[in-house]
Amino acid sequence: MAPSKREQFGSSFSFIMAVAGSAIGLGNIWRFPYMVGEHGGGAFIVAYIICCLFLAVPCFVCEAVIGRRGRSDVYGSLERLAPKSKWKWLGGVSVFAAFVIVSFYCVVGGWSLDFLVRSLSGRLSHGDPDGASILFKRMSSGTLEPLSMYVTFLLATALIVIGGIKKGIERFTKITTPLLFFLMVAMVIYSVSLPGASAGVEYLVRSDFSKMDAAGWACALGQAFFSMSLGIGAVLVYSSFMKKEDSILKGGLWTAASDTFFAIISGFAIMPAVFAAGFEPSAGPSLVYETLPFIFAKMGIEAPVLSWIMTMVFFLAILSAALTSSISMFEVCIEYLVHRFGIKRWQAAVAFLVPILMLGVPCVLSFGPLSEFKIFGLTVFDLCDFVCSNVLMTLGALAFAIFVGWRMKRADVFDEFTNGGTLGFSAKVFRPLYFFVRWLVPPIIIIIFISNLL
Ligand code: PHE
């Protein structure tokens, strides 16, 4: 497609909302709190912030530079910027990673949908707080219920993506992201006020670095990339729709700030309640979905109507946050097929649905009938999560950084990053940032990655 004909985000605000919508999702609300719990609390948060600031933001800039300059899907952009080289195959790996992530991400999206449906009848807000955690186990270990929710969530993702970038994504993200923000703040206030919650707050602010080994750092890095949607080309594809006048740096900083903020308030909404309920912080992927029903049931004792409304709106907001993320992964896949094979968006969506379902169904069943089926000691769901977050995304982000730092011409990177030299602040930070991308980002990522493997 000719660059000039490519559809564009209407404004800088729309671009930031779409990218932040992709970044803010289940990675913040579901994954971050349980990662913090598995890696000992406050120290993990500090490591995570360091990784975000020094590694994720530069990697964001790299993907955005490639995307806006390449003006195509991941494969096409790399092919355009490095003609006749093997770099375009990185696009293939990105599409594969995006496909694996959609497959397991929709499982958690399906859980949110399930909880939304349950909340409508008041079953979440009027339950017994002590029995709240069983609710999730019973639901997720089933077959038909989680499967039907999975398929519904996946189809909703596909339908929004088929609707096109402007119509589908822009409309959605502008409303739901701010809504979720206010709800999370309200949840933090409530959660912190629960009896016994102070131990949870202390757990979050105490930094015990003795618990942060190489695996902890690798998980903090993986979480930073996962949360900022890096390493699979999602930021690259969205940036290919970005206007030439908008600032890449501004997009990156806003995304990092809002995403990190959301992750931290999710931690403060969940962890105090985990302690108040007497749950184990290291419970893993089920942590948040066991804790939320507890919070709402507790709230329901004092204020049943408020709790009922809050539960519904909260799960609706989580669901939309999950959707704005899943559509960005799906978009990576769709764009690839549309550009490579010249087919229509709906045809590309249908073509991807089949393999996604083939991988997704075992992921759903990993919490029930297939919970004992393990590969390298991990369930299919855990394996997909591990391979994506700790391997493919990390290596993907590394490869994009190497591409910008070592393959693209410095002048081209400067031109794209500063909009032809017109952005004063971007021009000022370009030198140190470029140095960082070339000399520091790749070795640091490699060191964390290898020490974790060893
Ligand atoms: N960043 C999203 C989240 O936090 C997940 C995601 C990963 C989205 C990769 C796109 C690409 O939920």
Side-chain angles (χ1 to χ4, degrees), residues 16-36 48 51-52 56-57 59-60 63-64 67 73-74 93-112 153 157 160-161 169 172-173 176-177 180-181 184 219-239 251-252 254-267 285 288 317-336 356 384-397 400:
I16 292 174
M17 286 314 269
V19 184
S22 164
I24 298 164
L26 296 168
N28 309 60
I29 300 157
W30 154 74
R31 204 170 184 278
F32 180 76
Y34 96 72
M35 281 277 148
V36 172
Y48 171 79
C51 289
C52 261
V57 171
C59 288
F60 180 103
E63 271 198 43
D73 66 301
V74 193
V93 178
S94 300
V95 174
F96 175 74
F99 145 73
V100 179
I101 297 192
V102 186
S103 307
F104 83 81
Y105 196 86
C106 290
V107 176
V108 190
W111 296 343
S112 311
F153 184 87
T157 303
I160 299 172
V161 170
I169 303 170
F172 220 71
T173 43
T176 54
T177 315
L180 186 65
F181 171 77
M184 284 310 265
C219 285
L221 182 65
Q223 174 62 22
F225 286 156
F226 187 92
S227 198
M228 276 189 59
S229 307
L230 295 168
I232 64 159
V235 170
L236 190 157
V237 168
Y238 273 15
S239 303
W254 269 107
T255 307
S258 52
D259 186 57
T260 307
F261 189 69
F262 255 93
I264 290 174
I265 54 172
S266 301
V288 176
I318 291 198
L319 192 66
S320 13
L323 275 171
T324 51
S325 299
S326 62
I327 53 184
S328 67
M329 307 162 189
F330 207 66
E331 184 71 23
V332 173
C333 305
I334 301 300
E335 279 284 310
Y336 170 73
I356 290 176
C384 288
D385 187 354
F386 178 82
V387 167
C388 278
S389 323
N390 288 24
V391 182
L392 293 177
M393 296 182 100
T394 308
L395 294 183
F400 289 130

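Both ligands and their constituent atoms are indexed starting at 1 by order of listing.
Here OG1 of T260 is found 11.5 Å from CD1 of I265. Values are rounded to the nearest 0.5 Å. In this structure, CG in L180 is found 7.5 Å from OG in S266, a value given to the nearest 0.5 Å.
What sits closest to atom 6 (C) of ligand 1 on the protein, heavy atoms only, is M329 CE, 3.5 Å. Of the protein's non-hydrogen atoms, the one nearest atom 2 (C) of ligand 1 is S22 O, 3.2 Å. S229 OG, 3.3 Å is the protein heavy atom nearest to atom 8 (C) of ligand 1. What sits closest to atom 4 (O) of ligand 1 on the protein, heavy atoms only, is A23 O, 2.8 Å. Closest to atom 1 (N) of ligand 1, if we only count protein heavy atoms, is F226 O, 2.8 Å.
In terms of polar-atom proximity, I24 is not counted as a contact of ligand 1, lacking any N or O under 3.5 Å from an N or O of the ligand. Of the polar atoms of L230, none of the N or O atoms is found under 3.5 Å from an N or O of ligand 1, judged by distance alone.
The closest approach between any non-hydrogen atom of Y105 and ligand 1 is below 4.0 Å.
The aromatic ring centroids of F262 and F32 lie 6.0 Å or more from each other.
Residues V332 and D73 have side chains not in contact (no heavy-atom distance under 4.5 Å, counting atoms from C-beta outward).
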